Asks: 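Just dropping this structure here.
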Amino acid sequence: MYRSLIYVAGVTQMREPTFLILTALAGGPRHGYGIIQEVAVLSATRVSLLPGTLYTALDRLTAQGLVEPDREEVVDGRLRRYYRLTPGGLDALRAETARLRQLATAAETRLRALRPRTA
Amino acid sequence: MSLTRRYRRLLLAYPRAYRREHGEELLGVLLDAAPAGQTRPTLGEAVDLVRGGLRCRLGRPASSTVGVWAVLTALICGLFTAALASRVAWETSRPQPDRAEFAAVFTEAFPGHRLGEDVSTARALFVIYGQPLSRASLRDLLLGDGGEYQEGGAGGSAVGPMPTSEAETLATAQQRLRAAGWQVYEPTSEVLQTCADPRCDPASQPVETVLVARRGDTVLRATFDDPRSFGSYLGVELKRAAPPAVLPVAVLAGLIGGVLAWLVFAWTSRRTEDRRRAPLLLGITLFLWWAPVLLATASLAPHHLDEPHPSWHPLWEWLGQPTLSLFFLVGLAAALILVATALTPRRDLHPLTVSLG
């Protein structure tokens, strides 16, 4: 099952908020508000997830088997449910990271080659 | 009202089962994310929650196309509901013109021209093969001959030789109709292709000229043709225009129908997530409902643009109905099977297991 999910994640580009959510969860299980905060930090406040968007993404990632609920706790009378990456989610994140790194490396190579001519 | 209650109200956009499972959790995130002193949700939050809730109602969280299918379903159901409502609203129209009204208008527009005895009138606003719709005509309506269901009207032709030239007749008719309070549209002419041989001289092809005018709820259509081909040089039709109630009733019914269809789609989609035949049934329905719309629109639009239409063709004609009502019926059957599938108990995806000892 994971293999097919990785394959899907490999051929269809992962959108940036999805990548950021998976990256946020790579550091360990987080609850909804924790994910929102971590995504803001990771993107240097460029991506600001709203709760409705976050839960639509979490539902999708859960259905795809990339994320799963971890545990629940009640803090100040508010229910917090933590989410964690599944092994498939970890593999999908690795695959997407490799893809982005390969693209970034290719772009850097071209830019390095360009530098002497523009100087 | 407190911020918590306002958020709870917005969370009603989510289905009940989802609220039971995630409502408190989502509310906690919303309250955690709200800056101190905030008393009501921001517009962005409200839009985000409603959008998230509507998406959640469609089920199938991993699907990237379910929203498109929901919109297509809501749109076509809204159009069908609007068409049905517009037909009902047509009942507010006056009856189609009778022989006396037709003869009076003919004399008013074409003085000196002799109206033939054979004036046809309609016994209902809409007729099929000249007859009002009845149980006996349902078979024709639904199984192949639905295109014969058309607006009735009064019609007749001039007889005898044309007393004045076509141009003069046309000019006189326009002048007299305007003087009598008709809104007269610019006449249109079309060369009729009666000869398929490329050697035929286009100048020798007959030309059909159409004059359209409207006064109040009545539309006049006068057609000038070659009497050698059509038996008369002038044919006249008088029909009722769509009554004013048709548009608002259709729009309102369309909106209601669309929203209800969306809700039924969402409920069915959630209830059939594990049913493999659900996408097939939906595909059959949407194809059989949308294909007539595309075919009818492609055929009607050029005709609509070719000559003045003071009153649009009824909405159902644009939807290919009842011409292709068989398509509609088969699509409806597939949709009902899909809804019935959703009504049947689902296989338990997470059966309860009890270990003893």
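None of the values given here were measured: they were computed from a predicted structure. Naming convention: chains lettered A, B, ... in sequence-line order (proteins, then strands); numbering from 1 in each chain. Values reported hereafter were calculated over all heavy atoms of this structure, with side chains retained and with hydrogens, waters and symmetry mates removed.
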Asks: Can you tell me how far OH of Y18(B) sits from OH of Y55(A), rounded to the nearest 0.5 angstrom?
Replies: 7.0 Å

Asks: Among L49(B), V47(B), D48(B), V29(B), which has the most heavy-atom pairs under 4.5 Å with chain A?
Replies: D48(B)

Asks: Which heavy atom of E21(B) sits nearest to which heavy atom of R81(A), and what is that distance?
Replies: O-NH1, 3.2 Å

Asks: May I ask you to test the E45(B)-L50(A) pair for a side-chain heavy-atom distance under 4.5 Å?
Replies: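 Answer yes - side chains close enough.
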
Asks: Quick one: closest heavy-atom pair of C56(B) and D59(A), and the distance?
Replies: SG-OD2, 4.4 Å

Asks: Using heavy-atom distances under 4.5 Å, tell me whether R60(A) contacts chain B through its side chain, its backbone, both, or neither.
Replies: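 For R60(A), heavy atoms of backbone and side chain both lie under 4.5 Å from chain B.
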
Asks: For chain A, which candidate among A33(B), G52(B), G28(B) shows the most heavy-atom pairs at distances under 4.5 Å?
Replies: A33(B)

Asks: Counting neighbours of CH2 on W267(B) that are heavy atoms of other residues, nucleotides or ligands and sit closer than 6.0 Å, is the number greater than 12?
Replies: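 Atom CH2 in W267(B) is crowded, with more than 12 foreign heavy atoms closer than 6.0 Å.
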
Asks: Can you tell me how far apart NE2 (H31(A)) and CG (D32(B)) are? Round to the nearest 0.5 Å.
Replies: 7.0 Å

Asks: Of the backbone (N, CA, C, O) and the side chain (C-beta and beyond), which part of T53(A) lies under 4.5 Å from a heavy atom of chain B, both, or neither?
Replies: both

Asks: Checking heavy atoms, do the side chain of L11(B), its backbone, both or neither come under 4.5 Å from chain A?
Replies: neither

Asks: What part of I36(A) lies closer than 4.5 angstrom to a heavy atom of chain B: side chain, backbone, both or neither?
Replies: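 It is the side chain, since no backbone atom gets that close.
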
Asks: Tell me which of these, P51(A), A57(A), G77(A), has more heavy-atom pairs under 4.5 Å with chain B than the rest.
Replies: P51(A)

